[in-house]
Amino acid sequence: MAAKRGLDALGYIEREGSPGRVPEAFRPVVAAARERVPDVFGGRLHSAYLYGSIPRGTARVGRSDLDLLLALREEPTEADRADARTLDETLDKEFAEIDGAGTLLVGRAQVLSELERHDLGWFVACLCTPLLGEDLAEELPRYRPGRLLARETNGDLALLLPRWRERIAGVVEGTGAGGPAEAALRPLVRYMSRHLVRTGFTLVMPRWNGWTSDLAEMAEVFAAYHPERDHPRRAAQLRQAAVLGREPVGDRDVLRSYVDDLGPWLAAEYARVHGVKKPRP
């Protein structure tokens with residue numbers, strides 16, 4: 001079992017990622033993002049952040065995406081979201097090193113709100129690397145890997161599953177391997193695999209008392225700490241999801257197993273152990 005990591009000497013979750021960890025191959029796209037974001041959003045922008053594998057230093061050329069979070073001074077509008085999509089598409093087309101770009105838009109007040117203190121606020125403070133502007137982490141508390149954090153970060157899986165089913169159903173049946181359906185399903189497999197692995201990890205995170213963003217390690221922590229009698233089967237499912245989170249395949253059966261078996265079980269277990277996330281507007 002890997003040693004616990006991700007905490008400082010006082011037991012708080014350390015901020016992961018830094019500009020210095022960005023791999024050399026990805027520095028041009030990061031520089032382009034830093035230059036273009038202010039051009040697109042101007043005075044509306046409060047601060048910008050990187051998150052994911054690129055600032056953690058684990059990104060793979062041609063396989064990893066560029067993840068940005070932009071905190072605007074006011075709540076994002078539809079025009080802001082359209083601008084973000086255009087920025088993502090432009091960066092993706094220009095830089096072959098990335099496999100897509102995704103920009104998450106949030107409002108400054110939302111990040112700092114009491115409702116988001118242990119979800120979006122924690123995400124910015126612990127999982128985001130400052131790129132531009134004043135760092136909102138300076139206005140947020142330190143975080144420990146406890147039950148409150150577990151509940152507020154991933155205690156809404158039951159609400160997500162119906163939306164996942166709709167997204168899966170919205171992909172028209174294709175013509176086999178390499179067809180358009182497989183290409184459309186692959187990002188869903190990657191996204192849902194990662195989400196389920198992270199949810200399984202945070203289910204047991206308070207007992208493990210540590211933090212990691214490594215999918216394989218998350219699955220192993222779950223396997224070591226989940227006590228249920230069917231844990232060998234669930235552990236195998238989480239391990240496979242961790243693989244598919246890094247090497248996704250466009251397989252509809254995988255997605256159906258997520259929304260019909262693993263997802264509902266994990267949502268129910270999460271509610272039993274940690275409760276349900278506070279409702280959002």
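Residue numbers start at 1 and run along the sequence shown. No hydrogens, no waters, no symmetry mates; every other heavy atom, side chains included, goes into these values.
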Should the pair Glu152-Arg280 be classified as a salt bridge under the 4.0 Å nitrogen-to-oxygen rule? yes

Shared ILVMFWY cluster between Phe123 and Val197, side chains joined below 4.5 angstrom? yes

Taking His274 for the side chain and Leu203 for the main chain, is one N or O donor matched with an acceptor at less than 3.5 Å? yes

What is the distance from atom CD of Glu16 to atom CG of Asp214, rounded to the nearest 0.5 Å? 10.5 Å

Check whether NZ of the Lys or CZ of the Arg Arg165 lies under 6.0 Å from the centre of the six-membered ring of Tyr258 and within 45 degrees of that ring's axis. no

Among Glu139, Glu134, Glu74, whose salt bridge (Lys or Arg N to Asp or Glu O under 4.0 Å) with Arg108 holds? Glu139

Run the salt-bridge test on Asp261 and Arg234 with the 4.0 Å N-O cut-off and return the result as yes or no. yes

Test salt bridge (Lys or Arg N to Asp or Glu O under 4.0 Å) on Arg85 and Asp88 and set out the steps. CA-CA 5 Å; Arg85 287 192 293 270; Asp88 293 339; over 6 Å; no

So, is the end of the Arg207 side chain (NZ or CZ) under 6.0 Å from the ring centre of Tyr225 and within 45° of the ring's axis? no

Measuring from atom OG1 of Thr90 to atom NZ of Lys93, what distance do you get when rounded to the nearest 0.5 angstrom? 7.0 Å

Determine whether Val111 and Leu131 fall in the same hydrophobic cluster, where Ile, Leu, Val, Met, Phe, Trp and Tyr are linked whenever their side-chain heavy atoms lie under 4.5 Å apart. no

Take Glu78 and Arg81 through the test salt bridge (Lys or Arg N to Asp or Glu O under 4.0 Å) and record every step on the way to the result. CA-CA 5 Å; Glu78 286 305 316; Arg81 294 187 179 92; 3.1 Å; yes

Rounded to the nearest 0.5 Å, how far apart are CG of Leu157 and OH of Tyr270? 9.5 Å

Of the non-hydrogen atoms in Leu148 and Arg151, which two are nearest, and what is the gap between them? CD1-NH2, 3.1 Å

Within the 4.5 Å heavy-atom criterion, are Pro264 and Leu161 side-chain neighbours or not? yes

Using the side chain to side chain contact (heavy atoms under 4.5 Å, CB included) rule, take Leu68 and Leu50 through it: C-alpha gap first, then chi angles, then the decisive distance, then the call. CA-CA 5 Å; Leu68 296 170; Leu50 294 170; 3.5 Å; yes

If you define the side chain from C-beta out and look only at heavy atoms, does anything of Asp156 sit under 4.5 Å from Val276? no

Treat each ILVMFWY residue as a node, draw an edge where side-chain heavy atoms are under 4.5 Å apart, and state whether Leu70 and Trp122 are in one component. no

Can you establish whether the number of heavy atoms outside Arg117 located under 6.0 Å from its atom CZ is more than 12? yes

Does Asp8 come within less than 4.0 Å of Arg142, counting only side-chain N to carboxylate O? yes

To the nearest 0.5 Å, tell me how far Arg163 CZ sits from Ile168 CD1. 14.0 Å

Distance-only donor-acceptor check, side chains Glu217 and Thr212, under 3.5 Å: yes

Give the intermediate values and the outcome of ring pair (Phe, Tyr, Trp, His ring centres under 6.0 Å) for residues Phe95 and Phe26. CA-CA 9 Å; Phe95 294 93; Phe26 293 93; over 10 Å; no

Under 4.0 Å between a side-chain nitrogen and a carboxylate oxygen: does that hold for Glu220 and Arg239? yes

Under a 4.5 Å cut-off applied to non-hydrogen side-chain atoms, are Pro55 and Arg21 in contact? no

Are side-chain heavy atoms of Val40 and Val37 found at a separation under 4.5 Å? no

Do Asn154 and His195 have side chains that approach each other closer than 4.5 Å (heavy atoms only, starting at C-beta)? yes

Would you call Arg15 and Tyr143 a side-chain contact if the rule is heavy atoms closer than 4.5 Å? no

Heavy-atom pair with the smallest gap, counting every atom of Asp99 and Asp92: C-OD1, 4.0 Å

Full working for side chain to side chain contact (heavy atoms under 4.5 Å, CB included) between Leu215 and Arg194: CA-CA 7 Å; Leu215 292 175; Arg194 292 178 178 184; 3.8 Å; yes

At their closest point, which heavy atom of Leu238 faces which heavy atom of Gly200, and how far apart are they? CD1-CA, 4.4 Å

May I ask you to check whether Thr153 and Asp119 show a side-chain donor-acceptor distance below 3.5 Å? no

Quick check: do Glu269 and Val273 have side-chain heavy atoms less than 4.5 Å from each other? yes

Closest approach of Arg252 and Val171, non-hydrogen atoms and distance? NH2-O, 3.0 Å

Any donor-acceptor pair under 3.5 Å linking the side chain of Thr77 with the backbone of Asp80? yes

Any Asn209 side-chain heavy atom under 4.5 Å of Leu7 side chain: yes

Can you name the nearest heavy-atom pair linking Arg63 to Arg190, along with the distance? O-NH1, 3.5 Å

Begin from the C-alpha positions of Asp83 and Thr86 and carry the test side-chain hydrogen bond (donor to acceptor under 3.5 Å, both in side chains) through to its verdict. CA-CA 5 Å; Asp83 288 342; Thr86 300; 5.5 Å; no

Using the rule that Ile, Leu, Val, Met, Phe, Trp and Tyr join whenever any side-chain heavy atoms are under 4.5 Å apart, tell me whether Leu120 and Leu105 fall into a single cluster. no

Are any of the side-chain nitrogens in Asp65 or Arg60 under 4.0 Å away from the carboxylate oxygens of its partner? no

Quick check: is Leu132 connected to Leu69 through a chain of hydrophobic side chains (ILVMFWY, heavy atoms under 4.5 Å apart)? no

Between the NE2 atom in His118 and the CG atom in Leu149, the distance rounded to the nearest 0.5 Å is 6.5 Å

Donor-acceptor pair, Arg73 side chain versus Gly43 backbone, under 3.5 Å? yes

Checking Asp67 against Ile54 for the side chain to side chain contact (heavy atoms under 4.5 Å, CB included) test, could you report, in this order, the C-alpha distance in whole Å, the side-chain angles of both residues, the deciding distance, and whether it holds? CA-CA 8 Å; Asp67 295 309; Ile54 290 179; over 6 Å; no

Nearest heavy-atom approach of Val22 to Arg27 is O-NE, 3.0 Å

Side-chain H-bond candidate by donor/acceptor type, Ser47 with Tyr49, under 3.5 Å: yes

Before giving the answer on side chain to side chain contact (heavy atoms under 4.5 Å, CB included), spell out for Phe201 and Trp208 the whole-Å C-alpha distance, their side-chain angles and the decisive distance to 0.1 Å. CA-CA 9 Å; Phe201 166 71; Trp208 187 57; 3.6 Å; yes

Is any NZ, NE, NH1 or NH2 atom of the basic residue among Asp39 and Arg36 found under 4.0 Å from an Asp or Glu carboxylate oxygen of the other? no

State the CG-CG distance between Asp251 and Leu185, to the nearest 0.5 angstrom. 8.0 Å

